[in-house]
Participant: 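My questions all concern the structure below.
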Amino acid sequence: MSFDESFDVIVIGAGHAGCEAASASARMGSQTALVTLNLDMIGQMSCNPAVGGIAKGHLVREIDALGGIMGRVIDRTGIQFRLLNRSRGPAVQAPRAQADRALYRTEMRHILEATPNLHLRQGLVIDFIIKKGRICGVELQDTRRLGGSAVIIATGTFLNGLIHTGRRTYTAGRAGEPASIELAESLKRLGFPVGRLKTGTPPRLDGRTIDWDAFNPQPADERPVPFSFSTEGIEQPQITCFVGYTNEEVHNFIRSNISESPLYSGQIKGIGPRYCPSIEDKVVKFPEKSRHQLFLEPEGHDTHEVYLNGFSTSLPADLQQELVRKIPGLDQSKIIRPGYAIEYDFVDPRELTPFLQTSRVDGLFFAGQINGTTGYEEAASQGLMAGVNAALFVQGRSGFRLSREESYIGVLIDDLIRHGVDEPYRMFTSRAEYRLALRHDTADSRLSPYGRSLGLVGDSDWDKFNQRRDRISSLKNTLNGTRFRRSDEIYDEFSRILGKDLGDSISLSQLSQYPSIEPDFLWRHLPLDIRATVSISDLETSLADLLYSGYLNTQRNTIARLHQHDGMRIPNDFDYNHVDSLSHEMIERLNRTQPENFGQARRIPGLTPAALSTLLYRLQVVKSA
């Protein structure tokens with residue numbers, strides 16, 4: 001065949017999935033082309049200018065441990081770092097960072113342009129070139145033909161994208177950019193089962209028109225937690241975000257204009273994300289709530305644009321302006337960009353192998369929202385895995401996969417390819433049966449050896465990994481071995497703090513099991529020679545390892561017990577509404593699916609291990625009655 005250019009791997013789309021895919025493939029030695037509609041929009045944060053969050057922060061840490069780039073980019077461009085769930089257990093704590101949107105995009109492009117074997121190309125891909133069931137290349141709208149032994153589709157919301165603002169609709173991949181219509185039709189011609197999903201964004205406000213004193217400040221952490229294990233510290237200045245609330249006036253205005261919302265007029269057919277609802281959805285579905293929380297998040301140091309997090313809407317632009325001004329503190333505010341909803345095509349991810357390769361066309365891989373997921377972090381995780389496996393494919397090597405037991409990425413891909421999606425898929429800690437072992441701070445110990453063997457973790461980062469591993473091992477020995485006896489002066493202080501007698505002696509590791517003992521307190525009582533060589537984050541990881549060591553075996557036994565009862569029948573008249581402790585969401589999923597046995601229930605997407613344990617107990621009670 002005749003091609004204008006030929007590559008080993010072609011990546012379509014330069015969002016978060018495409019950037020990770022292209023970077024991984026190129027760094028593994030494959031000549032890689034990253035094709036996008038607009039090179040100036042590489043790494044664009046289409047919605048919230050933030051990375052991380054509950055479970056999502058775990059994904060970014062895992063991407064970094066494997067040698068991906070998202071963590072490094074946000075560490076260099078983040079303007080507000082916060083560790084979420086600090087008051088809860090280490091397993092569900094997660095880093096999050098607000099990004100300087102423009103700077104993030106610039107930094108991502110800089111990294112990609114500096115990557116050997118990676119070639120950036122601007123253009124619109126409209127069709128595939130396939131020979132004997134195997135991908136050979138792609139055709140661009142401008143008539144160029146690019147040859148490639150593997151192709152990764154990472155098109156985000158661009159496949160048949162349709163934007164809604166009130167009653168007005170128009171085709172677009174996101175506001176101001178064209179949709180990919182021909183490529184979507186090409187997928188349908190190949191026989192892929194295609195569905196429609198929906199997402200949306202809130203309005204962006206002019207910060208100069210906001211009464212900031214009307215909102216509660218939310219400062220950055222004093223000690224920022226980076227995403228990349230290679231980051232020594234966060235140097236750039238940090239900003240303060242602000243918290244506010246809607247009120248009944250806002251809610252009543254929405255109710256009186258709900259017919260103008262394409263969500264409720266029947267105009268939108270796609271299914272939206274359950275866990276990131278529009279403000280219209282919040283008001284309609286939660287009528288008992290008198291207010292909903294909002295976050296005012298500046299989009300960068302050099303812009304007045306403010307992201308109104310929690311206020312996603314597709315109402316007409318004029319109504320959005322009226323609505324926003326009913327929020328105390330925003331009565332004089334002006335909208336820079338109105339919010340909108342967007343519908344787009346996705347392909348049933350059950351079409352994929354565990355390596356994210358399609359079963360219909362050899363060498364064709366999917367990553368990101370085309371697989372029914374939502375979120376930058378979920379997309380980037382798939383992009384990394386697709387990029388790795390595309391490179392392995394063209395190099396004639398075996399594919400690479402991660403299990404549920406060792407990573408959130410493994411949970412994500414396993415859920416997608418086994419269960420498919422009935423709504424945009426978002427990662428939660430509750431989706432992982434082994435989440436106690438999948439903490440964000442252990443991602444390196446779990447995954448960096450894989451990244452090293454794939455060629456994605458360089459010598460410098462590998463040295464840092466080994467040094468950290470040795471420090472943590474030494475710390476655990478120190479915590480177990482450092483004991484304080486009744487005769488020691490400090491013993492009385494420990495006893496007074498805990499309000500109890502501590503026996504003849506107590507170790508630092510034993511002290512750490514008491515909730516009132518903070519890591520800073522233990523840090524002060526470490527031997528000086530150890531303190532000189534370790535960090536407080538090393539100590540926190542060591543303490544969490546010790547805390548969870550006894551629980552992990554119990555967790556594994558629980559999962560094994562669940563699997564042993566797959567054949568247990570569920571009576572036809574079984575009423576899930578009467579099962580104590582099942583949430584409304586779990587009941588809804590079970591009622592919709594109507595599983596015939598426990599094994600089928602266990603495979604329902606989104607059913608948590610806790611819900612399954614509760615259901616199993618109830619079924620056993622019914623069986624024995």
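Just so you know, residue 1 is the first one in the sequence shown, and it goes up from there.
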Participant: Can you confirm whether the side chains of Thr313 and Glu280 place a donor and an acceptor under 3.5 Å from each other?
Facilitator: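 Judged by distance alone, the side chains do pair up.
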
Participant: Report yes if the side chains of Asn160 and Arg196 come closer than 4.5 Å at any heavy-atom pair, otherwise no.
Facilitator: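 Asn160 vs Arg196: side chains touch.
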
Participant: To the nearest 0.5 Å, how far apart are NE2 in His440 and CG in Leu59?
Facilitator: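 Separation between the atoms: 13.0 Å.
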
Participant: Main chain of Gly270, side chain of Glu343: is a donor-acceptor contact present, judged purely on distance under 3.5 Å?
Facilitator: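 Pair found, side chain donor or acceptor close to backbone of Gly270.
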
Participant: Please determine, by modelled atom types, if Thr209 and Gln332 share a side-chain donor-acceptor pair under 3.5 angstrom.
Facilitator: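 No donor-acceptor contact under 3.5 Å links the two side chains.
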
Participant: Going by salt bridge (Lys or Arg N to Asp or Glu O under 4.0 Å), name the residues that satisfy it together with Asp281, two or more places apart in sequence or in a different chain.
Facilitator: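 Residues passing salt bridge (Lys or Arg N to Asp or Glu O under 4.0 Å) with Asp281: Lys285.
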
Participant: Should Leu197 and Gln369 count as side-chain neighbours, where that means a heavy-atom distance under 4.5 Å?
Facilitator: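 No, too far: nothing below the 4.5 Å cut-off.
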
Participant: For ring-ring contact (aromatic ring centres under 6.0 Å, His included), just list the numbers for Phe192 and Phe366, CA-CA rounded to whole Å, side-chain angles, deciding distance to a tenth of an Å, and then say yes or no.
Facilitator: CA-CA 12 Å; Phe192 286 103; Phe366 294 165; 5.3 Å; yes

Participant: Atom CZ in Phe158, atom CD1 in Ile370: separation rounded to 0.5 Å?
Facilitator: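 So the gap between those two atoms works out to 13.5 Å.
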
Participant: After noting the C-alpha distance and the side-chain angles of Glu249 and Arg325, does the key distance pass the salt bridge (Lys or Arg N to Asp or Glu O under 4.0 Å) rule?
Facilitator: CA-CA 10 Å; Glu249 186 181 5; Arg325 289 186 172 176; over 6 Å; no

Participant: In terms of side-chain heavy atoms, does Asn371 have a donor or acceptor partner in Gln382 at a distance below 3.5 Å?
Facilitator: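 There is such a pair (donor and acceptor under 3.5 Å, judged by atom type) between the side chains of Asn371 and Gln382.
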
Participant: Indicate yes or no: at least one non-hydrogen side-chain atom of Pro90 is less than 4.5 angstrom from one of Glu540.
Facilitator: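 No. Closest side-chain heavy atoms not under 4.5 Å.
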
Participant: Using side-chain heavy atoms (C-beta onward) and a distance below 4.5 Å, is Val138 in contact with Val35?
Facilitator: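 SC-SC contact between Val138 and Val35 ruled out.
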
Participant: Does CG belonging to Asp302 count more than 12 external heavy atoms closer than 6.0 Å?
Facilitator: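 At most 12 heavy atoms, drawn from other residues, nucleotides or ligands, come within 6.0 Å of this atom.
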
Participant: Flag the pair Ile234 / Pro226 as yes when at least one side-chain heavy-atom distance between them is below 4.5 Å, and no otherwise.
Facilitator: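 Side chain of Ile234 against side chain of Pro226, heavy atoms only: contact under 4.5 Å found.
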
Participant: Hey, what do you get for CG (Leu112) to CD (Glu20), rounding to the nearest 0.5 Å?
Facilitator: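 Reported value, rounded in 0.5 Å steps: 9.0 Å.
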
Participant: In Å, rounded to the nearest 0.5 Å, how long is the span from CG of Leu205 to CZ of Phe311?
Facilitator: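 Those atoms lie 9.0 Å apart.
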
Participant: Which pair of heavy atoms, one from Ser314 and one from Leu263, lies closest together, and at what distance?
Facilitator: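 Between these two residues, the closest heavy atoms are OG-CG, 4.3 Å.
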
Participant: So is Arg431 actually on top of Tyr425's ring, under 6.0 Å and inside 45° of the axis?
Facilitator: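 Yes, Arg431 lies over the aromatic ring of Tyr425.
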
Participant: Check for a donor-acceptor pair, side chain of Ser25 on one end and backbone N or O of Ala21 on the other, with a separation under 3.5 Å.
Facilitator: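 No; judged by distance alone, with no hydrogens or angles, the pair does not exist.
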
Participant: Are the side chain of Arg204 and the backbone of Pro202 linked by a donor-acceptor contact shorter than 3.5 Å?
Facilitator: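 Checking the backbone N and O of Pro202 against the side chain of Arg204, a donor-acceptor pair under 3.5 Å is found.
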
Participant: Name all residues meeting the salt bridge (Lys or Arg N to Asp or Glu O under 4.0 Å) criterion together with Glu235; count only those two or more places apart in sequence or in a different chain, and write none if there are none.
Facilitator: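 None.
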
Participant: For the pair Asn38 (side chain) and Asp40 (backbone), establish whether a donor and an acceptor sit closer than 3.5 Å, ignoring hydrogens and angles.
Facilitator: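 Such a contact is found between Asn38 side chain and Asp40 backbone.
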
Participant: What heavy-atom pair brings Glu260 and Pro316 nearest, and what distance separates the two atoms?
Facilitator: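 Nearest pair, atom of Glu260 first, then Pro316: O-CD, 3.7 Å.
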
Participant: Can any side-chain N or O of Tyr340 pair as donor or acceptor with the backbone N or O of Ala175 at less than 3.5 Å?
Facilitator: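 At least one qualifying donor-acceptor pair exists.
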
Participant: Do other residues, nucleotides or ligands put more than 12 heavy atoms under 6.0 Å from His110 NE2?
Facilitator: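 Counting neighbours around NE2 of His110, 12 or fewer heavy atoms of other residues, nucleotides or ligands fall under 6.0 Å, so no.
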
Participant: Just by modelled atom types, is the Gly329 backbone N or O under 3.5 Å from a matching donor or acceptor in the Ser333 side chain?
Facilitator: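 Side chain of Ser333 to backbone of Gly329, a donor-acceptor pair under 3.5 Å: no, none is there.
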
Participant: Is any side-chain heavy atom of Arg88 less than 4.5 Å from a side-chain heavy atom of Gln93?
Facilitator: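 They are not in contact (no side-chain heavy atoms under 4.5 Å apart), so the answer is no.
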
Participant: Does the Glu378 side chain pair with the main chain of Gly368, one donor and one acceptor, at a distance under 3.5 Å?
Facilitator: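 No: the side chain of Glu378 does not pair with the backbone of Gly368.
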
Participant: Decide yes or no on side chain to side chain donor-acceptor pair (under 3.5 Å) for Thr77 and Asp100, but give the supporting numbers first.
Facilitator: CA-CA 6 Å; Thr77 62; Asp100 184 311; over 6 Å; no

Participant: Can you see which heavy atom on Phe227 is nearest to which on Ala97, and at what distance?
Facilitator: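 Minimum heavy-atom separation between Phe227 and Ala97: CE1-CB, 3.7 Å.
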
Participant: Determine the minimum heavy-atom distance between Ala386 and Leu356, stating which atoms define it.
Facilitator: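 What the structure gives for the nearest pair is N-CD1, 4.0 Å.
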
Participant: So, taking the atom named CG in Asp318 and the one named CG in Leu323, what distance separates them when rounded to the nearest 0.5 Å?
Facilitator: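 It comes to 11.0 Å.
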
Participant: With sequence neighbours excluded, give me every salt bridge (Lys or Arg N to Asp or Glu O under 4.0 Å) pair touching residues 287-297.
Facilitator: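 Salt bridge (Lys or Arg N to Asp or Glu O under 4.0 Å) check on residues 287-297 returns Arg96-Glu297.
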
Participant: Ring of Phe229, cation from Arg61 - is the NZ or CZ under 6.0 Å from the centre and inside 45° of the axis?
Facilitator: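 Yes, Arg61 and Phe229 form such a contact.
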
Participant: With sequence neighbours excluded, give me every ring-ring contact (aromatic ring centres under 6.0 Å, His included) pair touching residues 232-257.
Facilitator: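 Counting only pairs at least two positions apart or across chains, the ring-ring contact (aromatic ring centres under 6.0 Å, His included) contacts touching residues 232-257 are Trp212-Phe242, His251-His292.
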
Participant: Determine whether Phe295 and Asn48 satisfy the following criterion, side chain to side chain contact (heavy atoms under 4.5 Å, CB included), listing intermediate values before the conclusion.
Facilitator: CA-CA 11 Å; Phe295 296 91; Asn48 192 0; over 6 Å; no

Participant: Testing Leu103, Ile74, Ile42 one by one against Met108 for a side chain to side chain contact (heavy atoms under 4.5 Å, CB included), which residue passes?
Facilitator: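 Only one option passes, and that is Ile42.
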
Participant: Please check this pair: side chain of Glu377 against backbone of Gly52, looking for a donor-acceptor N/O pair closer than 3.5 Å.
Facilitator: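 Answer holds: yes.
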
Participant: Going from CD1 on Ile342 to OG1 on Thr157, what distance comes out if it is rounded to the nearest 0.5 angstrom?
Facilitator: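 Answer rounded to 0.5 Å: 4.0 Å.
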
Participant: Is there a donor-acceptor contact under 3.5 Å from the side chain of Tyr376 to the main chain of Cys47?
Facilitator: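 Checked: pair present.
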
Participant: Could I get the full list of salt bridge (Lys or Arg N to Asp or Glu O under 4.0 Å) partners for Arg168, not counting sequence neighbours?
Facilitator: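 Arg168: no salt bridge (Lys or Arg N to Asp or Glu O under 4.0 Å) contacts found.
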
Participant: I need the minimum non-hydrogen distance between Glu62 and Ile409, along with the two atoms involved.
Facilitator: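 In this case the closest contact between Glu62 and Ile409 is OE1-N, 2.9 Å.
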
Participant: So, for Pro262 and Ser265, which heavy atoms are closest and what is the spacing to 0.1 Å?
Facilitator: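 Looks like CA-OG, 3.4 Å.
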
Participant: Can Val421 and Leu416 be said to form a side chain to side chain contact (heavy atoms under 4.5 Å, CB included), step by step?
Facilitator: CA-CA 7 Å; Val421 297; Leu416 291 175; 3.7 Å; yes

Participant: Would you say Leu83 and Arg86 make side-chain contact, with heavy atoms under 4.5 Å?
Facilitator: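 Sidechains of Arg86 and Leu83: in contact.
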
Participant: Aromatic rings His58 and Tyr408: how do their planes relate, parallel, tilted or perpendicular, breaks at 30° and 60°?
Facilitator: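 Tilted.
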
Participant: Got a list of side-chain donor-acceptor pairs under 3.5 Å for residues 177-187, not counting sequence neighbours?
Facilitator:
{"unit_1": "Glu177", "atom_1": "OE2", "unit_2": "Arg174", "atom_2": "NE", "d": "2.4"}
{"unit_1": "Glu177", "atom_1": "OE2", "unit_2": "Arg174", "atom_2": "NH2", "d": "3.4"}
{"unit_1": "Ser186", "atom_1": "OG", "unit_2": "Ile126", "atom_2": "O", "d": "2.9"}
{"unit_1": "Ser186", "atom_1": "OG", "unit_2": "Asp127", "atom_2": "OD1", "d": "3.1"}
{"unit_1": "Ser186", "atom_1": "OG", "unit_2": "Glu182", "atom_2": "O", "d": "3.0"}
{"unit_1": "Ser186", "atom_1": "OG", "unit_2": "Arg189", "atom_2": "NH2", "d": "3.0"}

Participant: Answer whether the closest heavy-atom distance between the side chains of Thr541 and Arg439 falls below 4.5 Å.
Facilitator: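 Counting from C-beta outward, Thr541 and Arg439 do come under 4.5 Å.
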
Participant: Would you say CZ of Arg592 has more than 12 non-hydrogen atoms from neighbouring residues, nucleotides or ligands within 6.0 angstrom?
Facilitator: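 Yes - once you tally the heavy atoms of other residues, nucleotides and ligands closer than 6.0 Å, there are more than 12.
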
Participant: Could you check whether Asp75 and Ser228, counting side-chain N and O atoms only, form a donor-acceptor pair closer than 3.5 Å?
Facilitator: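 No - no donor-acceptor pair under 3.5 Å links their side chains.
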
Participant: Please determine whether a side-chain nitrogen of the Lys or Arg among Glu248 and Lys326 lies less than 4.0 Å from a carboxylate oxygen of the Asp or Glu.
Facilitator: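 Salt bridge: no.
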
Participant: Do any N or O atoms from the side chain of Thr106 and from the backbone of Ala102 form a donor-acceptor pair under 3.5 angstrom?
Facilitator: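 Yes.
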
